[in-house]
Amino acid sequence: MIEMQGVTKKYPNGVTALSGIDVTIKQGEFVYIVGPSGAGKSTFIKLIYREEKPTDGQVVVGGINTANLKQRSVPTLRRQVGVVFQDFKLLPLLNVYENVAFALEVIEEEPKVIRKRVMEVLDLVGLKHKARMLPTELSGGEQQRVAIARSIVNNPKVVIADEPTGNLDPDTSWDIMSLFETINERGTTIVMATHNKEIVNTIRRRVIAIENGRIARDEQRGDYGYEA
Ligand code: ADP
Ligand code: ADP
């Protein structure tokens with residue numbers, strides 16, 4: 001599903017965020033990306049949804065090589081990749097329904113299909129009854145549920161999450177994690193950068209640790225491995 005070969009990312013300011021990354025993530029895997037601040041986790045995530053391009057090497061996502069992707073083909077890649085952020089990034093002037101529908105409207109899906117699909121995913125995240133509310137009227141956990149609904153509404157093969165529980169209290173974080181588990185059980189690949197030691201050490205999955213821009217560990221059912 002995701003293949004990186006000899007990937008190096010050097011930012012224009014001269015910082016080398018990643019170097020010599022070789023990794024394969026298969027369809028259906030659930031992978032945590034851990035490591036100290038500044039290690040390169042966000043950069044790793046950004047390469048997958050092509051927010052950044054590698055300076056060297058190959059990043060192939062669902063058969064699409066992101067490095068030589070034409071600008072007009074970026075939407076094709078983004079349709080395979082749902083993204084969830086720490087700070088939710090919902091559109092503040094749109095209600096819950098509209099935030100989720102937006103992704104389908106831009107690809108000009110039929111209105112009937114949009115309505116059905118949006119209500120299905122809102123049901124999945126437990127927010128059907130709040131479809132008409134604005135993001136500011138929701139708790140943090142609810143806003144993250146909306147963001148997760150948005151990320152899966154067009155049935156992507158992979159969901160990328162950068163610190164999705166970083167702004168949430170512990171109880172809410174566990175709820176959000178069970179949602180990610182449900183999505184993963186349905187076959188969607190999950191790649192999640194996180195600092196949440198409790199979660200990584202409890203919901204055991206593959207752990208890729210990045211330190212100084214390199215893969216320091218890659219273990220099935222790994223542990224967090226750092227002090228929280
Ligand atoms: P992490 O997510 O593990 O904290 P990042 O991928 O955000 O790590 O950052 C890795 C390194 O790249 C850090 O030294 C950071 O300062 C640098 N960096 C990240 N984004 C940029 C950018 N847009 N421009 C320049 N340097 C950046
Ligand atoms: P059902 O199981 O009857 O489809 P659910 O309410 O459980 O209904 O699911 C609602 C919708 O969410 C379904 O259309 C399903 O395809 C979608 N869905 C659930 N998990 C995922 C996923 N991992 N990726 C994409 N879509 C998903």
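Each ligand, and each atom within it, is numbered from 1 in the order the structure gives. Since the model is a prediction, treat every value here as computed from it, not as a measurement.
Contact annotation: for V15 versus ligand 1, heavy atoms closer than 4.0 Å belong to the side chain alone.
In this structure, a donor-acceptor pair under 3.5 Å is absent between the side chains of E29 and T189.
Proximity to A17 (heavy-atom distance under 4.0 Å) selects the following atoms of ligand 1: 10 (C), 11 (C), 12 (O). Heavy-atom contacts of P36 reach the following atoms of ligand 1: 3 (O) (cutoff under 4.0 Å). Here is the list of ligand 1 atoms found below 4.0 Å of a heavy atom in S42: 1 (P), 2 (O), 6 (O), 7 (O).
Remark: distances from the non-hydrogen atoms of G35 to ligand 1 are all 4.0 Å or more.
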Determine whether R206 and D218 satisfy the following criterion, side-chain contact (heavy atoms from CB on, under 4.5 Å), listing intermediate values before the conclusion.
CA-CA 7 Å; R206 180 174 173 188; D218 182 352; 2.8 Å; yes
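Here atom 5 (P) of ligand 1 lies nearest to T43 when heavy atoms of T43, N13, L47, N212 are compared. Of the listed residues (P12, G38, G14), the one carrying the non-hydrogen atom nearest atom 1 (P) of ligand 1 is G38.
The distance criterion of under 3.5 Å between nitrogen or oxygen atoms is not met by S37 with respect to ligand 1. Ligand 1 has a nitrogen or oxygen under 3.5 angstrom from a nitrogen or oxygen of K41. Residue contacts with ligand 1: G40 is placed with a nitrogen or oxygen under 3.5 Å of a nitrogen or oxygen of the ligand (distance criterion only).
Under the 4.5 Å side-chain heavy-atom criterion for Ile, Leu, Val, Met, Phe, Trp and Tyr, L122 and I148 are members of the same hydrophobic cluster.
Within the 4.5 Å cutoff, the side chain of V106 has heavy atoms near those of the F102 side chain. You'll find the side chain of L127 reaches within 4.5 Å of the side chain of V146, heavy atoms only. Side-chain contact between I203 and Y32: present, with at least one pair of heavy atoms (C-beta onward) separated by less than 4.5 Å.
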